[in-house]
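A short worksheet on the structure shown next.
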2 protein chains.
Amino acid sequence: MSVTPPRPKGPPLNALRAFEAAARLGGFRLASAELNVTPGAIAQHVKFLEAWCGGLLFERLPVGVQLTPLGTSILPDFVAAFDALAAASHKLRMNAAPNRVSVTALPSIAQLWLGPLLPKIREELPGISISVTAMEAPPNLAREPFDLSIFFSSEADKSADLQLPQDELVPVCSPEIARRISTLADLQDLSCLSDQMWPGDWTEWLKSIDPRAGYSVSGPSYSLYGLAVNEALNGAGVLIGHLSLVNRYLLTGELVAPFPQRAKTAHRLTIYRSAQARSKIIRRLLDILKRFAKNL
Amino acid sequence: MSVTPPRPKGPPLNALRAFEAAARLGGFRLASAELNVTPGAIAQHVKFLEAWCGGLLFERLPVGVQLTPLGTSILPDFVAAFDALAAASHKLRMNAAPNRVSVTALPSIAQLWLGPLLPKIREELPGISISVTAMEAPPNLAREPFDLSIFFSSEADKSADLQLPQDELVPVCSPEIARRISTLADLQDLSCLSDQMWPGDWTEWLKSIDPRAGYSVSGPSYSLYGLAVNEALNGAGVLIGHLSLVNRYLLTGELVAPFPQRAKTAHRLTIYRSAQARSKIIRRLLDILKRFAKNL
DNA sequence: ATACTAGACTCAGTTTTTCTAGGCCTAGAA
DNA sequence: TTCTAGGCCTAGAAAAACTGAGTCTAGTAT
């Protein structure tokens with residue numbers, strides 16, 4: 001008997017968050033990715049929560065888990081509560097520093113599309129402070145503290161705040177290299193640069209030119225598209241270019257396109273803003289991006 | 001440069017909770033009481049949160065703190081979010097075990113009023129599992145995981161789920177002791193038991209009998225009213241009885257009231273239920289309590 | 001004036017919580 | 001059959017949270 005008896009405590013907030021993520025995403029592994037922890041951590045949180053409430057939240061299948069009726073019955077409440085919490089946190093951050101904007105983008109987009117625009121943005125919106133975070137997959141804007149996300153999406157989406165037309169593939173290289181190219185066959189003697197994230201780009205472009213010819217090319221691949229572009233600028237070979245990312249260099253002449261044919265891809269550069277990001281600054285920033293995007 | 005760059009993280013949930021409590025209650029000390037930690041812990045959480053968002057949440061006054069406009073601007077959002085979270089947690093617990101009811105009450109009420117009713121309740125609601133937590137002050141039912149709270153309130157409140165009439169004071173003692181009492185003056189030769197939480201009870205009762213007579217009594221006091229009642233049953237002296245708590249013993253004759261005069265107090269035994277506790281079980285439990293309360 | 005008090009701050013050290021690593025297990029796919 | 005995806009478990013490590021004790025400030029009481 002302790003002097004101050006331990007009164008029943010509410011559940012740990014982190015366990016609730018782990019459950020919510022696992023239930024919403026349908027698995028511990030996905031939840032662990034969203035929360036940046038290992039799946040074991042999620043498992044422990046959920047187990048604790050199950051002990052706390054005295055009921056099973058998930059059925060454990062041989063592979064994966066499935067929400068029990070109990071879990072299903074309260075999931076919407078938790079989703080709503082954590083949405084509200086995330087929204088409040090976001091609002092707090094914005095109210096504290098209205099001129100701070102945080103953007104997340106695919107690494108290649110951050111470096112090749114957004115990066116060059118930043119000086120012009122700073123010029124038009126003096127006092128603004130933009131932080132850029134590169135990541136591989138678009139985050140859940142309702143949860144992560146970003147104002148804007150810029151990624152490639154394979155679908156048209158009217159709800160996007162800005163969406164460019166379908167991206168196009170076109171080989172690009174330095175002018176010197178271009179002089180040595182006249183036919184498709186010439187490509188086979190050259191380094192054909194590509195990005196590790198889009199390994200099918202060359203094949204896709206070649207197919208769009210002549211579906212039956214069995215052309216194939218080879219060359220180094222890079223985990224960062226920006227690196228590949230740099231190598232192309234340095235004359236390392238022919239890069240399969242994503243027009244939205246390399247057009248700026250075509251316009252300046254630093255890179256040229258030895259073949260005029262372009263292959264439409266499914267990808268559209270797409271910008272979303274967080275539901276909280278309704279401020280005037282964000283609106284003006286979007287306007288600027290829109291304008292620059294047109295000139296690209 | 002780490003391989004997986006640390007992406008900006010959302011604020012720690014516990015820091016948000018600390019801020020919410022401090023802001024809602026208007027001070028770190030109060031918040032620390034609600035969350036069962038020391039004030040220093042709250043201070044650290046708030047400080048962290050201020051660093052995270054880059055703005056001051058509280059103005060530090062020489063004594064106490066005051067919300068800044070920034071803090072004020074987001075407080076309602078956080079209150080709503082944590083309310084939703086607590087409601088969801090409560091619902092989870094109830095859905096997991098619908099027959100479990102948790103009650104919080106003043107120690108004296110738990111022991112003397114509720115305790116004797118529990119066997120009868122179990123009889124009428126077989127299968128129900130009631131846990132009782134004694135505490136000194138009524139908790140915030142919107143936050144703490146209780147279904148019912150039973151405390152004395154000094155005001156009439158129509159929103160209460162059950163409220164008894166104003167409590168009355170009346171001296172009580174064992175029949176043996178009563179035989180030795182015939183006038184007020186006899187009290188001065190006897191041990192007059194009282195509760196440490198209500199040290200003014202005897203004075204209040206004496207005043208209601210004869211406001212001018214300077215009667216005063218003395219005797220041991222107890223930190224647990226239940227203990228004082230037991231002592232009275234054992235013939236240790238005359239206890240200043242709260243009718244709602246000792247009437248059961250008057251009815252059985254184990255205790256008697258040597259003086260017929262009763263003094264009305266401001267206190268009413270008051271029962272609230274949590275907003276989440278809308279189940280049939282709780283309703284039936286309240287009905288039973290109501291019925292028993294009438295017969296007391 | 002002088003002490004006292006309430007409330008908050010800080011910092012070091014400790015306790016508690018949370019996370020990871022790595023091995024195990026199961027069933028469906030190759 | 002082997003491989004793989006997804007979870008489970010446990011020990012130990014890492015991080016977060018909390019405490020305790022000493023400071024500080026300005027009202028309040030003496």
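Because only heavy atoms are used, hydrogens play no part in the values below, and waters and symmetry mates are left out as well, while side chains stay in. Letters A, B, ... mirror the listed sequences (proteins, then strands); counts begin at 1.
Atom NZ in A/K47 sits about 17 Å away from atom C1' in D/dG6, given to the nearest Å. Following rounding to the nearest Å, A/K9 (NZ) and D/dA17 (C1') show an atom-to-atom distance of 11 Å. Whole-Å rounding puts the B/R17 CZ to D/dA16 P distance at 16 Å. B/L16 places its CG atom 15 Å from the C1' atom of D/dA17, with the value rounded to the nearest Å. One can place CG of A/L61 at 13 Å from C1' of C/dG28, the figure rounded to the nearest angstrom. Following rounding to the nearest Å, A/W52 (CH2) and C/dT17 (P) show an atom-to-atom distance of 16 Å. Atoms CG (A/L49) and P (D/dC8) sit 14 Å apart, rounded to a whole Å. Rounded to an integer number of Å, the gap from CD of A/E59 to P of D/dG7 is 14 Å.
Close placement of the B/W198 and B/F152 rings is indicated, their centers lying within 6.0 Å of each other.
A sub-4.0 Å separation between OP1 or OP2 of C/dC19 and a side-chain N or O of A/H45 is present. OP1 or OP2 of C/dC9 lies within a sub-4.0 Å distance of a side-chain N or O belonging to B/R60. In this model, the phosphate group of C/dT17 is not approached by any side-chain N or O of A/N14 to a distance below 4.0 Å at OP1 or OP2. A close approach under 4.0 Å does occur between a side-chain nitrogen or oxygen of B/R29 and OP1 or OP2 of C/dG7.
Each of C/dC19, D/dT25, D/dC8 was ranked by its minimum atom distance to the side chain of B/P62; first place goes to D/dT25. For B/A41, taking side-chain heavy atoms from C-beta onward, the closest of the listed nucleotides C/dC9, D/dC8, D/dT19 is D/dT19. Counting only heavy atoms from C-beta on, B/A43 has its side chain closest to C/dT10 among D/dG7, C/dT10, C/dG7. Candidate nucleotides D/dT25, D/dA17, C/dC19 were compared by shortest atom distance to the side chain of A/T38, and C/dC19 ranks first.
Looking at heavy atoms from C-beta onward, A/K9 lies out of side-chain contact with A/W52 at the 4.5 angstrom threshold. A/V65 is not listed as a side-chain neighbour of A/E59, based on a closest heavy-atom distance of 4.5 Å or more. Counting heavy atoms from C-beta outward, B/R24 and B/E34 have side chains that approach closer than 4.5 Å.
B/M135 contributes atom CE, which lies 10.5 Å from atom CG of B/L106 (distance to the nearest 0.5 angstrom).
Of the two residues near DNA chain D, A/G40 and A/G64, the one whose nearest nucleotide lies more 5' is A/G64. Two residues, A/V63 and A/I42, neighbour DNA chain C, and the one matched to the more 5' nucleotide by heavy-atom proximity is A/I42.
In this structure, D/dA11 forms a base pair with C/dT20, meeting either the Watson-Crick or the G-U wobble geometry with both donor-acceptor distances under 3.5 Å.
Put simply, the side chain of A/Q44 and the base of C/dT17 share no donor and acceptor less than 3.5 Å apart.
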